[in-house]
2 protein chains.
Amino acid sequence: MSYSPEHKARTRARIIEAARVLFNRHGFESISIEMIMAEADLTRGGFYNHFRSKEELFAVAVESFLTGRGATWRAEAGVDSGNITPHTAGAMIAGYLSPEHLADLDGQCPMIALPSDVSRRSPDVQLAYQTLLTAMVDLFETSLENSAEDARRQALVLAALCVGGMVLARTLPDSALAEDVRCAAHDAAQEIAGAGG
Amino acid sequence: MSYSPEHKARTRARIIEAARVLFNRHGFESISIEMIMAEADLTRGGFYNHFRSKEELFAVAVESFLTGRGATWRAEAGVDSGNITPHTAGAMIAGYLSPEHLADLDGQCPMIALPSDVSRRSPDVQLAYQTLLTAMVDLFETSLENSAEDARRQALVLAALCVGGMVLARTLPDSALAEDVRCAAHDAAQEIAGAGG
DNA sequence: TGTACATCAGTGAACGCGCGTTCACTGATGTAC
DNA sequence: TGTACATCAGTGAACGCGCGTTCACTGATGTAC
């Protein structure tokens, strides 16, 4: 035997984390495999011991948000032991549409950082993106189930507001306008989540 | 004298139109100057007679939506001779969040096709994007002014819903889910636009 | 406990390719006479 | 009307560079004895 399987798994995780951060900040095409491997303290050649292609890594990196920062958020919002209340949606909205999230270029949700990159890549990459959206929508839907007439539709609207508000705020160079958009989206989302059906 | 100034202006317009379509479909980085010039029936070298860089063309191409398809939309929605009514917002929402717009990869609004491309480029490019958003928000705001308490905030929410709903619908590989998102965003936006304050 | 060995994660050079930009040149055009 | 000329939009080769992927090799590791 050579190295332990755990050794390889740790290296793989390091590559994924480096890729997640670099892709989040600079997009898919601006980041090279060499940059990712260097960020993980490795050299170019070893990449293909862990992934079949750059695009496969992209899909894995996008989805890794769910088990990383995403899991932390969900825990903080109170998604533990299946105990989801109307308050959960409010907490998630407050975190997602927060100034901190807007400023966090490394840690932000890939749905905000990478929509047009993802829309032009393989179905596998798009499926990873869809997994993130589905997790968010399911959380909203469960949270609203007991108070809203049409919880699923409301959940979809909340997701569109969260992603749309943040995508616009991220892209506008006038930071006052960006803040206006973020605040307006936040307040409207809280109103929908609070008002129920 | 060599060619007429009109000749050069027409060539420039052809390059911009070719760039708008190709960028819309494939993004900034996947499209080369050679591809754009070929689409405009020209060769690579002449590009720099018209633009200082690929990025300058990108900004111009993004903004060109406003005087092209965007102007048609605004006219159809009834933004002529300053005659903007509450109905105008509804018509704009119906067109923006329509299945036809979702399917129109060439003609779609660059706010949907290119958000993450734009967010990583120069301030000039971001300003072009902001011009599109501002036009949309202003139209919504004017349309709501007489019926809504806080017309500007409502207008920002509508813009976030329009862009967010379409960005998600464009990126999701499950087309049934994409349709659900589009419909939910459309109905919610119409409700906000119709309900007023 | 100590040594020989097989494995395979990681290395770094190489392959083939395309890119944005520059530049010397060409040739269609409008003007001057 | 016809011709010589200056202009500059458009051409296509070249420059310097970086990319994704492949591959022969290395050397740290865990195991067998």
Side-chain angles (χ1 to χ4, degrees), chain A residues 1-23 25-62 114 117-118 120-125, chain B residues 1-23 25-62 114 117-118 120-125:
Chain A
M1 296 288 283
S2 60
Y3 298 76
S4 68
E6 290 77 22
H7 174 90
K8 185 168 185 182
R10 273 196 304 272
T11 302
R12 183 184 153 96
R14 245 166 55 221
I15 297 172
I16 294 169
E17 176 61 11
R20 190 192 57 73
V21 169
L22 288 172
F23 284 146
R25 206 177 253 277
H26 303 289
F28 179 74
E29 305 197 80
S30 295
I31 293 299
S32 66
I33 288 173
E34 176 147 49
M35 292 174 189
I36 294 167
M37 294 300 274
E39 181 77 15
D41 283 319
L42 293 163
T43 55
R44 171 151 78 263
F47 178 81
Y48 293 89
N49 289 337
H50 295 277
F51 302 96
R52 255 170 312 180
S53 66
K54 186 187 175 190
E55 194 147 348
E56 180 186 313
L57 170 60
F58 188 42
V60 172
V62 166
L114 301 165
D117 296 70
V118 169
R120 289 179 224 115
R121 304 247 77 87
S122 72
D124 281 358
V125 174
Chain B
M1 296 289 283
S2 58
Y3 298 75
S4 68
E6 291 76 21
H7 174 89
K8 184 167 186 183
R10 273 196 305 272
T11 302
R12 182 183 153 96
R14 245 166 54 223
I15 297 172
I16 294 169
E17 177 61 9
R20 189 192 58 72
V21 169
L22 289 172
F23 285 146
R25 207 177 251 277
H26 304 288
F28 179 74
E29 306 197 80
S30 296
I31 293 299
S32 67
I33 288 172
E34 176 147 49
M35 292 175 191
I36 295 167
M37 295 300 273
E39 182 76 16
D41 283 319
L42 293 163
T43 54
R44 171 152 77 264
F47 178 80
Y48 294 88
N49 287 339
H50 295 276
F51 302 96
R52 257 170 311 180
S53 66
K54 186 187 174 189
E55 193 146 350
E56 180 186 314
L57 170 60
F58 187 43
V60 173
V62 166
L114 301 166
D117 296 71
V118 169
R120 288 178 225 116
R121 302 247 78 86
S122 73
D124 280 359
V125 175

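A, B, ... follow the sequence lines: proteins, then strands. Residue 1 opens every chain. Being a predicted model, the structure only gives us computed values, none of them experimental.
Counting to the nearest Å, the P atom of C:dG10 and the CZ atom of A:R14 are 7 Å from each other. In this structure, B:R12 places its CZ atom 12 Å from P of D:dA9, rounding to the nearest Å. One atom, CG of A:N49, and another, C1' of C:dT7, lie 12 Å apart when rounded to the nearest Å.
DNA chain D is contacted by both A:G46 and A:I31; A:I31 maps to the nucleotide lying nearer its 5′ end (nearest heavy atom per residue).
A donor N or O paired with an acceptor N or O is not found under 3.5 Å between the base of D:dT11 and the side-chain atoms of B:R44.
Ranking C:dC19, D:dG20, C:dG10 by closeness to the B:M35 side chain, first place goes to C:dC19. Taking the side chain of A:S32 as heavy atoms from C-beta on, and the options D:dG20, D:dG10, C:dG20, the nearest nucleotide is D:dG20. The B:Y48 side chain lies nearest to C:dG20 when the options are D:dT11, D:dG10, C:dG20.
A close approach under 4.0 Å does occur between a side-chain nitrogen or oxygen of A:T11 and OP1 or OP2 of C:dG10.
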Report summary line: Going 5' to 3' through nucleotides 24-33 of chain C and flagging B where a protein heavy-atom sits under 4.0 Å of the base, S where only the sugar-phosphate is that close, and - otherwise, we get ----SBBS--
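The nucleotide D:dT1 finds no pairing partner, because no Watson-Crick or G-U wobble arrangement with both distances shorter than 3.5 Å includes it.
No engagement by A:I36 is indicated, since no non-hydrogen atom pair under 4.0 Å with the nucleic acid exists.
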